[in-house]
K.L.:
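Below: one structure in structure tokens.
Below, read A as the first sequence line, B as the second, and so on, with proteins coming before strands; counting in each chain starts at 1.
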Amino acid sequence: MSWIVPLPAVIPLLGAAVITAVGHFTPRIVHNLLAVASTGTSFVFALILMASSVPQERLHWFGGWHPRGGVAIGIGFAVDPLGAGLAALASGLTLAALLYSLAFLEDASHPYHVLMTAFGGAMCGFALTGDLFNMFVWFELMGVAAYALAGFKIKELGPLQGGINMAVTNTVGAYLIVTGIALLYARTGALNLAQIGHTLAGKKPDGLVVVALTLLVVGFLVKAAIVPFHLWLADAHAVAPAPVCVLFSGAMVELGLLAVARCYWTIFDAPFGLHHHAIRGVLVALGIVTALLGALMCFLQSHLKRLLAYSTISHAGIMLVGIALLDTKSLAGAATMVLSHGLLKGSLFLCCGIVLAELHAVDELRLHGKGRNFPLLGTIFAVAGVGLIGLPYVGTYLGHAQIDEGATLDHVAWVQPLLAIAAGLAGGAILRAAARVFLGWGPQEDWLLRQQPSEEPPANVGHRPFLLAVAALMLVLGLAVSLVPGLGQRAEYGAKRFRDRAAYAREVLHGVPTKGTPRLPFVLQPTTRESVLYGLGAGAIALLVAAFGLWRHRLPDAWRLLAGRVAGPPLEGLRAVHSGVIGDYVMWLTVGTAVIGGVWALTLR
Amino acid sequence: MIVATLHPLQWTILLLVVAGATAVVLTRDVQRQIVVNGLYGILLVILFTVFAAPDVALSMLVVGTVGYPLVVLIAIARTRK
Amino acid sequence: MSVAPYLVAGWICVIGIYGIVTSRNLIHLALCLTVTQSSTYILLLAIGYVKGGGPPIFKGVKLGTTAVDPVVQSLTLTDIVVSVTVLALILALALNVHKEADTINPDEIGELSG
Amino acid sequence: MTRRIRIAMFVPALAVLGGLLAWSLVAIPKFGDYRGPYGYVLNRVVVPERHMSNVVTSVVFDYRGFDTMGEEFILFIAVTGIVLLLRKQERDDAGELGDEIGSPGVRIAGTLAVGVSVLVALWLIAFGFVTPGGGFQGGAALASSVLLVFLVASWRSWSGLANDKVLDPLEGIGAGGYVVVGLVALVDGLPFLTNLLGPGKTGTLVSGGSATFVNWCAGIEVAAALLVLFSEFLEEYIVPLARGGGTT
């Protein structure tokens with residue numbers, strides 16, 4: 001079975017190459033077919049891989065270069081259920097985005113299909129690899145495809161600026177990663193994750209290892225859009241075509257988080273296992289700040305895609321908390337949240353694309369009431385927004401519940417209400433936008449919301465019911481995540497395997513397979529009463545926030561004046577930080593690196 | 001102590017590379033910068049050779065003498081006011 | 001302690017980032033980015049260097065002769081290719097920015113914020 | 001946010017970052033004392049096992065050939081992205097540009113120079129497993145020598161050569177060929193990119209086994225991709241000139 005391991009990554013690459021080779025001599029339908037077929041094949045193989053990696057890690061040593069005496073001399077894919085699951089999500093979303101593009105971007109020339117297909121393959125490769133430098137290669141391949149796709153609309157200034165901001169920030173992040181890899185190579189003489197971890201185990205960590213940890217974590221958190229490295233994401237999302245946003249939000253950001261988790265559990269758990277409190281503290285703090293700040297910024301947007309982008313940042317923060325708690329339950333929660341969030345957020349972005357095509361704008365205020373004639377579209381948009389709140393047994397609830405449980409076990413139960421507030425705030429902003437656009441509720445003016453440059457609608461939009469069908473399918477799948485019997489237990493089993501560094505190293509370096517799997521039941525994951533209450537609380541917050549956004553003007557004048565005095569200046573300051581200027585972004589990146597590295601330099605010893 | 005383990009040739013070229021990189025960054029006029037960058041590229045080629053990396057030096061030579069200058073010069077020409 | 005080559009790499013990384021943050025021209029910025037990246041080449045090659053070692057090419061050289069690490073050289077090759085492609089991509093974006101905004105000062109584009 | 005605030009926040013942070021980098025060097029192996037296992041093992045096994053005398057190239061195309069596939073695709077995808085970004089919204093016609101160089105002497109010398117540099121480039125690719133060089137260096141040199149055609153001849157002869165109807169298929173074949181060589185091994189029941197043809201004779205053209213094919217694929221891909229890149233940028237430069245529009 002190990003022959004299928006490389007296929008999710010390499011088949012799309014081959015597809016991209018073939019599309020380029022025949023691009024000038026064949027009609028568009030052939031490009032579409034090749035793109036959809038190769039991505040679809042990749043999706044199917046990723047699913048098979050996910051299923052087959054449950055009993056044991058699936059290894060594939062490229063070129064047949066097996067490790068010799070515990071020294072890896074080649075590159076290996078080491079596939080675990082969580083990594084394969086994320087690869088399947090990434091290729092599934094790519095497939096959905098390509099199908100949607102069939103009708104949405106009918107005029108797109110073949111380079112668009114080449115970039116999308118290769119982007120999907122690169123994401124799979126990144127999720128599956130077990131080699132640190134190979135991770136960097138996939139990281140860059142994802143990057144170059146993404147930068148060009150972000151700047152797709154070459155006649156509008158916004159997309160170009162968004163593309164540049166994304167390219168420069170992520171490239172600086174990539175150099176930090178290479179520097180970290182070089183430091184680890186200096187110490188261990190290895191590039192294989194398991195071998196690096198094995199070599200570092202049992203030795204006292206020193207400055208080199210702490211700095212390498214900082215550089216790798218920061219580099220990957222840039223991709224994961226964690227505060228203060230998140231600034232590029234809103235720019236890039238606001239301007240990229242809707243199907244591209246699906247991939248940015250649904251999979252690329254999450255891959256950055258996967259990389260942080262992967263590096264911790266294969267490498268840094270070895271030297272820092274005894275000091276994990278310091279690592280947990282910093283990452284949990286970053287996650288909570290990201291979740292709350294992202295949600296607040298989300299509430300301040302009127303541009304729908306920018307609003308959704310900040311909601312993604314907020315969710316990335318919640319997922320980071322799940323990973324940062326460093327226990328099985330929470331990691332499983334992060335994984336199930338990635339799944340439901342990817343599908344629901346994808347559905348929301350696809351809805352934005354339809355809104356742009358039908359109504360020629362994506363600005364909430366400009367679109368006030370204009371969506372009344374599109375009840376189905378409005379329903380999909382609003383229900384997907386509800387799914388992201390984490391109401392009991394809806395959408396992202398399972399993820400929230402598992403993170404709640406993990407936090408309680410780790411005695412950091414105080415993170416739970418904060419995460420519920422973040423989810424409620426961001427969800428409320430989406431509901432407010434839905435109510436204003438599709439129902440015409442609330443006033444047409446709102447000084448809190450800032451208008452963004454408008455976007456040209458796509459020239460020829462094909463069969464519209466088809467677009468709606470893709471969005472609806474993703475919505476249904478995303479909502480169902482919390483109701484799939486046995487999913488939670490499987491995620492926990494996957495997380496347990498993901499965290500077992502010793503077993504991973506034995507299997508990768510010495511080919512010792514893991515012991516047999518427990519029989520996992522097909523029943524709904526039980527959740528605690530607190531989780532249900534937090535879910536309901538988040539729902540209540542969302543309703544309040546949406547109502548506040550829509551009918552704030554009905555509050556007594558004195559209250560509003562006071563609130564404006566108190567909240568106005570900090571909000572303006574917050575906006576000023578999101579300046580769109582690349583120099584500022586790299587400055588924040590440096591500040592973040594210095595702070596994280598400084599804290600770890602003082603605490604990790 | 002720092003000096004002792006390095007060959008004088010390695011010392012010289014390392015110092016030149018430091019000066020070169022700093023000069024590239026501090027040259028704010030792009031037309032001059034691309035010239036300085038070309039010189040920096042040649043310094044890197046020499047450094048890589050000194051570090052016993054002929055393959056890398058060869059790549060840097062091709063990239064630094066043709067790749068960078070061509071795309072940058074055209075970009076400069078197209079964006080001149 | 002002989003860490004001079006590593007310090008050189010560290011300095012180049014830092015000065016390159018300084019250039020990126022203070023740049024008033026996207027082309028200048030892109031070149032500063034390649035300077036930052038050149039620090040990774042120097043770091044990698046310096047790490048793999050072995051005193052008195054020749055290139056890891058055994059043509060006309062007895063096998064087992066001291067040679068420097070070949071792996072870091074292959075990593076650096078990849079790195080160099082990445083740098084050219086990213087430079088060209090950013091310049092292509094900058095060209096388009098210039099067509100639309102008539103400026104390539106990143107502080108002045110100012111289309112997206114908030 | 002003003003420039004001054006930005007720099008005031010940035011400089012201390014940069015100092016801390018520099019301090020961290022310096023701190024990481026405290027316990028790094030001394031310069032010249034590196035004894036990591038990976039390169040050490042390879043320097044000893046590659047020549048006897050694979051019969052390639054250039055260990056770097058054998059790492060690039062064999063031991064870590066999968067990285068190189070990714071790297072090749074980075075170049076390929078970046079160039080595709082540039083084609084997408086620099087696409088023309090309306091059809092351009094640059095074919096009317098006249099030949100710029102009239103002197104036959106320059107032409108003959110130039111043609112010779114092109115011929116010689118193409119040969120050098122091919123030599124670099126071919127002997128990559130023996131001496132310094134390989135698909136990347138050779139491919140880049142090949143692209144550069146074709147670029148000479150533009151310098152010594154004319155835009156028209158250049159655009160005849162660097163035509164996307166020719167280059168795109170070459171790019172696709174180079175990039176796809178690499179994957180196909182990998183898949184052939186897979187079909188054969190071996191891991192992806194396994195070197196199939198066994199070790200050749202050390203020091204010869206075929207010393208790479210099936211990595212030789214991969215090397216040539218990379219050479220073709222790199223040359224074609226760089227030519228597309230050059231031609232996209234040159235077009236940005238030439239076409240407005242031809243229209244008499246000057247800059248912008």
Side-chain angles (χ1 to χ4, degrees), chain A residues 3 6 10 13-14 17-18 20-24 60-65 68 71 73-75 109 111-112 114-115 118 125 133-134 137-138 140-141 144-145 147-148 151-152 154-155 183 185-186 188-191 206-208 211-212 214 576-577 579 583-584 587 590-591 593-594 597-598 601, chain D residues 1 3 6 9-10 13-14 16-17 20-21 23-29 34-42 62-67 69-71 73-74 76-78 80-85 87 89 164-165 168-169 171-173 175-176 179-180 182-183 186 189-195:
Chain A
W3 60 272
V10 302
L13 296 188
L14 183 61
V18 174
T20 304
V22 302
H24 286 288
H60 191 94
W61 292 101
F62 290 96
W65 299 112
R68 296 192 185 163
V71 176
I73 55 171
I75 296 170
S109 52
Y112 173 81
V114 172
L115 291 178
F133 194 80
N134 197 233
V137 170
W138 295 114
E140 277 295 336
L141 184 53
V144 291
Y147 312 149
F152 179 70
I154 55 171
K155 287 284 160 189
L183 290 176
Y185 189 76
T188 63
L191 294 169
D206 57 13
L208 184 145
V211 175
T214 309
V577 168
S579 59
D584 290 347
M587 180 273 282
T590 317
V591 170
T593 316
Chain D
M1 173 158 298
R3 258 185 102 77
R6 182 204 302 172
M9 292 180 68
F10 170 67
L14 192 65
V16 174
L17 179 62
L20 284 170
L21 289 175
W23 184 47
S24 75
L25 302 180
V26 171
I28 205 165
Y34 181 74
R35 291 290 180 274
Y38 197 163
Y40 187 85
V41 169
L42 289 180
D62 199 343
Y63 290 86
R64 295 188 71 82
F66 192 62
D67 264 353
M69 190 188 88
E71 172 193 356
F73 271 89
I74 292 174
F76 166 55
I77 291 302
T80 309
I82 288 166
V83 171
L84 189 72
L85 289 173
R87 68 188 184 272
Q89 299 284 31
D164 54 3
K165 291 217 168 74
D168 279 3
E171 247 199 302
I173 289 167
V179 183
V180 168
L183 286 174
L186 210 58
L190 295 162
F192 192 79
L193 275 177
T194 302
N195 197 334

K.L.:
I'd like to verify something: which residue of V71(A), L13(A), T214(A) has the highest number of heavy-atom pairs under 4.5 Å with chain D?
P.N.:
L13(A)
K.L.:
Taking side chain as C-beta onward, heavy atoms only, is L183(D) less than 4.5 Å from L14(A)?
P.N.:
yes
K.L.:
Counting only non-hydrogen atoms closer than 4.5 Å, does W61(A) touch chain D with its backbone (N, CA, C, O), its side chain (CB onward), both, or neither?
P.N.:
backbone
K.L.:
Is chain D contacted by the side chain of Y185(A), its backbone, both, or neither, given a heavy-atom distance below 4.5 Å?
P.N.:
both
K.L.:
Tell me every residue that passes salt bridge (Lys or Arg N to Asp or Glu O under 4.0 Å) with D168(D), counting only those two or more places apart in sequence or in another chain.
P.N.:
none
K.L.:
So, for A594(A) and A13(D), which heavy atoms are closest and what is the spacing to 0.1 Å?
P.N.:
CB-O, 3.5 Å
K.L.:
Output the distance between atom CG (L85(D)) and atom CZ (F152(A)), rounded to the nearest 0.5 Å.
P.N.:
10.0 Å
K.L.:
Is P37(D) close to chain A through its backbone or its side chain, or both, or neither, when contacts mean heavy atoms under 4.5 Å?
P.N.:
both
K.L.:
What are the two closest heavy atoms between G81(D) and A148(A), and how far apart are they?
P.N.:
CA-CB, 3.5 Å
K.L.:
So which of V114(A), D206(A), T593(A) has the largest heavy-atom pair count under 4.5 angstrom toward chain D?
P.N.:
V114(A)
K.L.:
Under a 4.5 Å heavy-atom cutoff, which of G151(A), P6(A), A21(A) has the most pairs with chain D?
P.N.:
A21(A)
K.L.:
Do F76(D) and T20(A) have side chains that approach each other closer than 4.5 Å (heavy atoms only, starting at C-beta)?
P.N.:
yes
K.L.:
By a 4.5 Å heavy-atom criterion (distance strictly below it), what part of T590(A) contacts chain D: side chain, backbone, both, or neither?
P.N.:
both
K.L.:
Heavy-atom pairs under 4.5 Å with chain A - which of V179(D), I82(D), V16(D), I77(D) has more of them than the others?
P.N.:
I77(D)
K.L.:
If you look at every heavy atom in G598(A) and L20(D), which pair is closest and at what distance?
P.N.:
N-CD1, 4.2 Å
K.L.:
Measuring from atom CZ of R64(D) to atom CH2 of W65(A), what distance do you get when rounded to the nearest 0.5 angstrom?
P.N.:
13.5 Å
K.L.:
Output the option from D62(D), L17(D), L193(D) having the highest count of non-hydrogen pairs under 4.5 Å with chain A.
P.N.:
D62(D)
K.L.:
Could you check which of V10(A), T188(A), L183(A) has the highest count of heavy-atom pairs closer than 4.5 Å to chain D?
P.N.:
V10(A)
K.L.:
Please report the C-alpha distance between T80(D) and Y112(A) in whole Å, then the side-chain angles of each, then the deciding distance to 0.1 Å, and finally whether the side-chain contact (heavy atoms from CB on, under 4.5 Å) criterion is met.
P.N.:
CA-CA 8 Å; T80(D) 309; Y112(A) 173 81; over 6 Å; no
K.L.:
Are the side chains of F10(D) and V591(A) in touch, meaning some heavy atoms are under 4.5 Å apart?
P.N.:
no
K.L.:
At a heavy-atom distance under 4.5 Å, which candidate from I173(D), V83(D), I28(D) has the highest pair count against chain A?
P.N.:
I28(D)
K.L.:
For a 4.5 angstrom cut-off between non-hydrogen side-chain atoms, does W138(A) reach I74(D)?
P.N.:
no
K.L.:
Should the pair F62(A) and F192(D) be assigned to parallel (<30°), tilted (30 to 60°) or perpendicular (>60°) ring geometry?
P.N.:
perpendicular
K.L.:
With a 4.5 angstrom heavy-atom cut-off, is it the side chain or the backbone of L42(D) that approaches chain A, or both, or neither?
P.N.:
side chain
K.L.:
Rounded to the nearest 0.5 Å, how far does CG of D584(A) lie from CZ of R3(D)?
P.N.:
9.5 Å
K.L.:
Side chain, backbone, both or neither: which part of V137(A) has an atom under 4.5 Å from a heavy atom of chain D?
P.N.:
both
K.L.:
Please classify the contact of Y38(D) with chain A as side chain, backbone, both or neither, using a heavy-atom distance under 4.5 Å.
P.N.:
both
K.L.:
Most heavy-atom pairs under 4.5 angstrom with chain D, which of V18(A), I73(A), V22(A)?
P.N.:
I73(A)
K.L.:
Would you say L14(D) and M587(A) make side-chain contact, with heavy atoms under 4.5 Å?
P.N.:
no
K.L.:
Evaluate the side-chain proximity of I75(A) to Y63(D): yes if any heavy-atom separation is below 4.5 Å, no if none is.
P.N.:
no
K.L.:
Could you tell me if the side chain of L84(D) sits less than 4.5 Å from the side chain of L115(A), heavy atoms only?
P.N.:
yes
K.L.:
What is the minimum heavy-atom distance between W23(D) and A601(A), and which atoms define it?
P.N.:
CZ3-CB, 3.6 Å
K.L.:
How about L186(D) and H60(A): do any of their side-chain heavy atoms sit closer than 4.5 Å?
P.N.:
yes
